Amino acid sequence: MLQIPRGDERRQNLIGGQWVAPSTEKYEPCLNPADTREVLGHFPRSGAADAKAAVDAAAKAFAGWAATPPPERGRVLGRAHALLKGKVDLLAEALCREEGKVFGEARGEILKGLNLLEYYAGEGFRTHGKTLPSEARSTLTMTLRQPVGPVALITPWNFPFAIPVWKTAPALVAGCTAVLKPASLTPVCTHLFAEALIEAGLPPGVLNIVTGAGGSVGDALVDDPRIRAISFTGSNEVGLRLYQRAAGRGVKVTLEMGGKNPVVVLDDADLDLAAEGILQGAFGSTGQRCTATSRVVATPAIVPKLTEALVEKARKIRVGNGMSKDVQMGPAVDQSQLETDLEAIAAARSEGARLLCGGERLSSEEHRNGFFCAPTVFDEVEPGTRLARDEVFGPVLAIQSARDFEEALALANDVQYGLTASIYTRDFFAALRFVEKAEVGMVHVNQPTVGGEAQLPFGGIKATGVGEKEMAEEGANFFTHLKTVWLDYTGARRTTNIY
Ligand code: NAP
């Protein structure tokens with residue numbers, strides 16, 4: 001019976017099918033960022049010994065799970081999907097209260113997670129290699145996909161349901177066992193997801209969950225030689241350090257990291273459509289999305305009207321506790337993220353950008369106990385300045401002007417990141433040229449920069465992404481290796497080989 005943890009409730013780590021106390025005996029509260037007086041249970045602040053115990057359990061369970069036929073593995077996910085489908089509102093409430101995004105967005109994230117679960121349940125029937133022709137006669141050659149072994153899954157706080165699902169489901173259907181370390185700030189949805197998997201019949205040890213600081217739990221997972229692949233989503237700083245560490249033992253790694261996603265708006269664009277899409281991308285989820293729109297690059301004839309529309313609408317965004325019906329934007333996830341937002345705003349001002357709206361912490365009666373930043377828009381943002389270049393991960397939008405399409409494209413590409421980009425135009429040729437030339441892993445035409453679908457590969461290039469894309473078939477392929485097989489059916493002794 002899934003329930004949102006009560007304030008005084010102590011949750012435990014999931015190891016070998018049991019909920020067990022951490023060896024450290026330490027716990028930390030999960031706080032609602034919209035109102036920190038509200039506590040959603042206390043979660044283990046585990047240490048390296050707990051991570052090791054979780055890997056022990058994953059390693060022990062591996063042979064049995066890898067030998068379970070893939071359709072059967074998928075059915076466990078399918079049963080979890082059926083259980084969670086009846087709990088969408090409860091899950092959305094948990095998500096809204098642990099992470100802060102508004103209820104409607106939280107519901108959207110839950111539904112996306114459920115789509116992923118449904119998709120990977122079906123992948124149990126589709127896990128496949130290839131048959132390919134051989135140079136030799138009467139020889140069948142093919143590839144088999146096999147699970148890599150126990151894996152570590154490390155997730156950020158900004159999608160506390162969808163990201164744990166989009167890593168766990170493909171890992172499990174591929175036949176891997178896993179240790180999942182959710183972000184310390186947002187462990188609730190991960191626990192509810194795990195409870196559903198257990199109820200759905202997932203064997204003990206196949207999924208293990210350890211909460212605790214990345215520095216101790218994360219490092220212990222990354223260093224453990226039994227962990228054969230690591231899937232990480234989070235910041236560049238942590239991800240690249242993890243990558244170096246993991247490279248020392250040659251283990252498979254996928255990293256999905258930061259973004260600085262542009263929307264290009266050309267003079268012929270549908271202004272209202274563009275403004276709506278930009279606002280959704282910039283201020284939805286409080287800008288705390290890797291795919292958030294953080295830059296607008298617009299051509300001269302449309303800049304004034306577009307800027308006016310964006311500022312007018314941004315000023316009207318109702319900010320508050322996401323459980324209230326009329327609220328459109330929630331808080332920053334914690335004090336530290338709020339400070340990052342405010343620092344980025346201060347830096348933009350000192351580097352000469354013009355503040356058009358927002359730019360401050362909200363501290364009225366309704367905001368006093370949370371981490372609220374006003375929706376903020378700057379224009380006159382010069383290329384090369386921090387706001388043009390660095391990820392903020394908050395509700396801060398930068399508007400830049402470009403002479404023409406070519407300059408807009410150059411500005412859009414002028415960042416280290418390469419996650420997603422969008423263009424608003426009615427010009428078919430400009431749109432296609434943008435699709436071809438945008439240096440990103442995902443591109444949209446006449447749509448916001450945000451979004452992803454279970455069956456479509458998700459991820460970035462340049463400094464955003466390392467390794468295979470997530471979601472879709474590619475997401476599960478990461479957790480497998482390919483074995484190449486030759487089957488000789490001549491029945492005669494062959495004396496020569498081809499090469
Ligand atoms: P983060 O600070 O890098 O943390 C991500 C995860 O790594 C957390 O579980 C964290 O644990 C853990 N961690 C910290 N130190 C570690 C270590 N030494 N070894 C192993 N794991 C460690 O990122 P975040 O602040 O949670 O998330 C925001 C970032 O995620 C943004 O940059 C955003 O763009 C990115 N993101 C990218 C995508 C994408 O698909 N490209 C999607 C979502 C988010 P603790 O919580 O205990 O610190």
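Here the structure is a predicted model, which is why all the values come from computation and not from measurement. Just so you know, ligand 1 is whichever comes first in the structure, and atom 1 is the first atom listed for that ligand.
- In summary, the atoms of ligand 1 found under 4.0 Å from a heavy atom of E391, numbered by their order in the structure, are 31 (C), 32 (O), 33 (C), 34 (O).
- Taking the ring axis of F283 as reference, the NZ or CZ atom of K313 does not stay both within 45° of it and closer than 6.0 Å to the ring centre.
- The nearest protein atom to atom 9 (O) of ligand 1, hydrogens excluded, is given as T155 O, 2.7 Å; this is a heavy-atom distance.
- Side chains of K167 and T233: a donor on one and an acceptor on the other come within 3.5 Å.
- Contacts with ligand 1 closer than 4.0 Å are made by backbone heavy atoms (N, CA, C, O) of M257 only, the side chain lying farther away.
- Around atom 15 (N) of ligand 1, the closest heavy atom drawn from G460, P187, G214 belongs to G214.
- Aromatic ring orientation, F193 versus F161: perpendicular (interplanar angle above 60°, classes split at 30° and 60°).
- With a 4.0 Å heavy-atom cut-off, ligand 1 is reached by the side chain of F458 but not by its N, CA, C or O.
- Taking any N or O of G218, backbone or side chain, none lies under 3.5 Å from an N or O belonging to ligand 1.
- Residue T233 touches ligand 1 through backbone and side chain together, judged by heavy-atom distances below 4.0 Å.
- Side-chain polar atoms of Q280 and E276 form no donor-acceptor pair below 3.5 angstrom.
- Heavy atoms of V217 stay at 4.0 angstrom or farther from ligand 1.
- Between D223 and R249, none of the side-chain N atoms (NZ, or NE/NH1/NH2) sits under 4.0 Å from a carboxylate O, so this pair counts as no salt bridge.
- Counting protein heavy atoms only, atom 28 (C) of ligand 1 is closest to F393 CE2, 3.6 Å.
- Contact annotation for atom 24 (P) of ligand 1: protein present (non-hydrogen atoms, distance under 4.0 Å).
- Here's the thing with C290: none of its N/O atoms is less than 3.5 angstrom from an N/O atom of ligand 1.
- Under the 4.0 Å criterion applied to side-chain N and carboxylate O atoms, R386 and E343 are not assigned as salt-bridge partners.
- Counting only heavy atoms of the protein, atom 11 (O) of ligand 1 lies nearest to K181 NZ, 2.9 Å.
- With hydrogens and angles ignored, the 3.5 Å screen pairs a side-chain donor or acceptor of T177 with a backbone N or O of A58.
- Here's the thing with R241: none of its N/O atoms is less than 3.5 angstrom from an N/O atom of ligand 1.
- Other residues, nucleotides and ligands contribute at most 12 non-hydrogen atoms within 6.0 Å of the NZ atom of K85.
- Per-residue contacts place F232 under 4.0 angstrom from the following atoms of ligand 1 (heavy atoms of the residue considered): 3 (O), 5 (C), 6 (C), 7 (O).
- Closest to atom 44 (C) of ligand 1, if we only count protein heavy atoms, is N158 OD1, 3.4 Å.
- Looking at S46, its side chain does come within 3.5 Å of a backbone N or O of T211 through a donor-acceptor pair.
- Between the side chains of Q12 and Y27, at least one donor N or O sits under 3.5 Å from an acceptor N or O.
- On a distance-only criterion, T464 and ligand 1 share no N/O pair closer than 3.5 Å.
- Ligand 1 has A213 within reach: a non-hydrogen atom of the residue lies less than 4.0 Å from it.
- In this model, a donor atom of one side chain and an acceptor atom of the other lie less than 3.5 Å apart for D50 and S23.
- Looking at W157 next to ligand 1, an N or O pair under 3.5 Å apart turns up.
- Residue contact check for ligand 1: G465 places no non-hydrogen atom closer than 4.0 Å to it.
- Side chain of E98 to backbone of C189: a donor-acceptor contact under 3.5 angstrom is found.
- Close N/O approach between N236 and ligand 1 is not found [any backbone or side-chain N/O within under 3.5 Å].
- Close contacts between ligand 1 and G212 involve ligand atoms 47 (O) [criterion: under 4.0 Å to a heavy atom].
- Side-chain contact check for T449 and S422: no donor-acceptor pair (N or O, by modelled atom type) lies under 3.5 Å.
- Taking every heavy atom of I154 and a limit of under 4.0 angstrom, the matching atoms of ligand 1 come to 6 (C), 7 (O), 9 (O), 12 (C), 20 (C), 21 (N).
- Taking all heavy atoms of P156, G215, G234 into account, the minimum distance to atom 35 (C) of ligand 1 is reached by G234.
- Looking at D219 next to ligand 1, an N or O pair under 3.5 Å apart turns up.
- Annotation: L185 places no N or O atom under 3.5 Å from an N or O atom of ligand 1; distance criterion only.
- An N or O contact shorter than 3.5 Å links S235 to ligand 1 by distance.
- At under 3.5 Å, a nitrogen or oxygen of S184, whether backbone or side chain, sits near a nitrogen or oxygen of ligand 1.
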Derivation of the salt bridge (Lys or Arg N to Asp or Glu O under 4.0 Å) call for R126 and E123: CA-CA 5 Å; R126 294 188 291 262; E123 277 299 280; 2.5 Å; yes

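- Ring geometry, F43 versus H191: the interplanar angle exceeds 60°, so the pair is classed perpendicular (tilted spans 30 to 60°).
- Residues N477 and R145 have side chains that bring a donor and an acceptor to within less than 3.5 angstrom of each other.
- The I163 neighbourhood of ligand 1 comprises atoms 42 (C), 43 (C), with distances under 4.0 Å to a heavy atom of that residue.
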